[in-house]
Each structure stands twice: as C-alpha cells, then as structure tokens.
K.L.:
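Here you go, one structure.
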Amino acid sequence: MLAPAPALRVRNLRKTYKDVVAVDGLDLDVSAGQCFGLLGPNGAGKTTTIEICEGLTEPDSGDVELLGMRWDTHAGELRQRLGIQLQETQLADKVTVIETIRLFSSFFRHGPPPAEVIALVQLEEKVNARVGGLSGGQKQRLALACALVGDPDFLFLDEPTTGLDPQARRQLWELIERFKLQGRTILLTTHYMDEAEQLCERVAIMDHGKVIALGTPRELITSLGVEHVVEFSAGGAAKALEIPALRRLDGVREVQAENGTVKLQVTELHRAVPALLDELARQGVPLTELRTHSATLEDVFVTLTGRHLRDE
C-alpha cells in the first residue's frame, strides 16, 4: 500500500538575494494533518522558504508541491485552500473587527460565517471595536481569524506569537491545537522552543538556508546524547576557570563558556553536579548562580550551530 502524498513537498529549493543565499537546496516534506515546525535563527532562511511555499516569492529554482498542486498551474485553487498569517500583518486601523473579517471572507468561495470566526478567536467583545484600538494579543488573534476565514486545509503561521504576553500566547496555542484536531495541516515558524515542543509533531532546524536537523522534538533532543544541562555563573572569577578540567568530570559530555556563563551538557545529573562543585572548590571559583534543566530543542540548536535561536 502506497504512503499518502505529503501535504507539502519541497525539493532542491534555492533563492538568492544579491550576495546572500537565503535558501540553499532545501528539501522538505510535511504530512497531512501534521503541525510541522520550521526553526532557526534570524537569517536562516525560514521566512523566505515559507513565502515561496505560500506563493508570495518566486524561487530561483526548485520544486514546490502543495496539496498536490503547483503555483504555476493551480494558483487560484491553492489560494482558496490556504490560510496565511504573515510575520507582520498590517490591518487598517479605522476598520472594525467585523468589517475586517467580512472583507477577508469576501475573498473566498466558502467559509464559516464571520461571527463564527470571531467567536473562534475569542474576540466577540471586540466585534465592533476598531482595529487600531486592539491590544497586541487581540491583533494577533484577529490576524489568525483572517487566516481562518476560508476554512483552509493548510495553514501557514510565521512567528504568530512573537511579542505576545504569556497569556495571549497560550490562547493562540489553544486555537492552533483546535485546528490540528480537525485534521488540518500547519507549517509553523517560531523562535520559542517551548511552543515548538508543545505544538509540533515534527520540526526541521534551518541554518544558512539548509535543514541541519529533522525529526520529532523528542528525537532531536535524544540525539544530543545528554539528559540535562547544568548552567552556572561565577562572576569575574569565570575568566580563571580551567575549562579542560570541567570537560573531564564524571557525566559531563560537553562544556561551553560564554560571557561569564558556563553550560555543561551532562548524561548523569547526580554524578555531574557533585563533581562540578568539588572541582570549582578545588579551583577556588565561587558560584554566583547554578541552574539545571532537561535538554531542550534550543540545546540541540546551540550544539549544532554554536548560535542561539535569537542571535541576530
């Protein structure tokens, strides 16, 4: 029995701007009914990739197949079946919430009534409010509503929760989970690793226009070969640390030092922490702060690239 065709199939995608290679031979498959996360630092090529898939940017070369169709032959049909929330959505400030939804609904042949979409994103109390008077979180929910008005089969979300407070982020997460339960497909870009771990069945980490890691969040974290990360600060004394001695400690897999903070990837926390404290005492280095956490997707990224997800 043949496996079902992916909802999104990308092959050898390339895009260059002047002297910058934004997307460099990218391959990607997104299964139907899946929330797929595209992660990476600023400048990794995420937004260019997603804009090509959305039909907003022409690639230099490569192939994109979306819902079994291509932009050069089925653009009209694709626009009817997609929902798109851009990284920054500029809506008219003087128009009300209901007027905005009615306008976007008019672009589609089918879709739920405007009042139903507004209720879905919990903006009923703001139905007659002008867009300019909404909070940041309310504007993001309205932008998501505009992406949902055509009852899409495939939803593109480009950093939908950037700049939102924790409560607004959680509300958007609930909306995305609800969309997933309906069997729809989502391609999500985000800088928040907890968001990717919460929402995505599979993730791809991009850097310099290429996919450098691909799998479920748990698979990528397991690929580190470590269970925990120990992070400590030693103030001005950090400069005197003997890093090679830390690498030789029981249960320590890797050590990274940056701006007075030292991070150890460890396989056995109960062995590594006592050994670390003994070694710091031997070196005469006083601790100012000590933290531990389970390994995360951000730890995967830093290990692979040496850069944090929010690095410019």
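As the structure is a computational prediction, the values presented were derived from the model and not from experiment.
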K.L.:
Identify whether the distance between the nearest side-chain nitrogen and carboxylate oxygen of Asp151 and Arg184 falls below 4.0 Å.
P.N.:
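Salt bridge: yes.
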
K.L.:
I'd like to check Leu249 versus Glu279 (side-chain heavy atoms, cut-off strictly below 4.5 Å). Are they in contact?
P.N.:
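Yes, their side chains come closer than 4.5 Å.
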
K.L.:
Among residues at least two apart in sequence or on other chains, which ones pass salt bridge (Lys or Arg N to Asp or Glu O under 4.0 Å) with Asp299?
P.N.:
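If we apply the salt bridge (Lys or Arg N to Asp or Glu O under 4.0 Å) test to Asp299, skipping adjacent residues, there are no hits.
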
K.L.:
For Trp173 and Glu195, does a side-chain donor sit closer than 3.5 Å to a side-chain acceptor?
P.N.:
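The answer is yes; a qualifying pair exists.
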
K.L.:
Within the side chain of Thr48, is there an N or O that forms a donor-acceptor pair under 3.5 Å with the backbone of Gly45?
P.N.:
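No; zero donor-acceptor contacts below 3.5 Å.
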
K.L.:
Check Asp29 with Arg11, please: is the shortest side-chain N to carboxylate O separation under 4.0 Å?
P.N.:
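Yes, Arg11 and Asp29 are salt-bridged.
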
K.L.:
Hydrogens and angles aside, do Thr189 and Asp158 bring a side-chain donor and acceptor to less than 3.5 Å of each other?
P.N.:
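There is such a pair between these side chains.
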
K.L.:
Using a strict 4.0 Å threshold on nitrogen-to-oxygen distance, state whether Glu254 and Lys263 make a salt bridge.
P.N.:
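Salt bridge: no.
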
K.L.:
Mind running side chain to side chain contact (heavy atoms under 4.5 Å, CB included) on Thr296 and Glu197 for me, showing each step along the way?
P.N.:
CA-CA 9 Å; Thr296 66; Glu197 291 188 42; 3.9 Å; yes

K.L.:
Between Phe232 and Arg291, is there a cation-pi geometry (under 6.0 Å to ring centre, at most 45° from the normal)?
P.N.:
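Because its charged atom misses either the 6.0 Å distance or the 45° angle limit, Arg291 does not stack over Phe232.
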
K.L.:
Report yes if some heavy atom in the side chain of Ile52 is under 4.5 Å from a heavy atom in the side chain of Glu58; otherwise report no.
P.N.:
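Result no, sub-4.5 Å side-chain heavy-atom pair not found.
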
K.L.:
Go through the structure and list residues passing salt bridge (Lys or Arg N to Asp or Glu O under 4.0 Å) with Arg81, not counting sequence neighbours.
P.N.:
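Residues passing salt bridge (Lys or Arg N to Asp or Glu O under 4.0 Å) with Arg81: Asp153.
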
K.L.:
Are any of the side-chain heavy atoms of Phe36 and Cys200 separated by less than 4.5 Å?
P.N.:
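Side-chain contact under 4.5 Å: no.
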
K.L.:
Below 4.5 Å, heavy atoms only, C-beta onward: do Leu199 and Leu188 meet side chain to side chain?
P.N.:
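They are in side-chain contact.
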
K.L.:
Salt bridge check, Lys126 against Glu124: does any charged N sit closer than 4.0 Å to a carboxylate O?
P.N.:
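Looking at Lys126 together with Glu124, the answer is no, because their closest N to O distance does not fall below 4.0 Å.
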
K.L.:
Are more than 12 heavy atoms, taken from residues, nucleotides or ligands other than Glu125, located less than 6.0 Å from that residue's CD atom?
P.N.:
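Atom CD in Glu125 is not crowded, with 12 or fewer foreign heavy atoms closer than 6.0 Å.
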
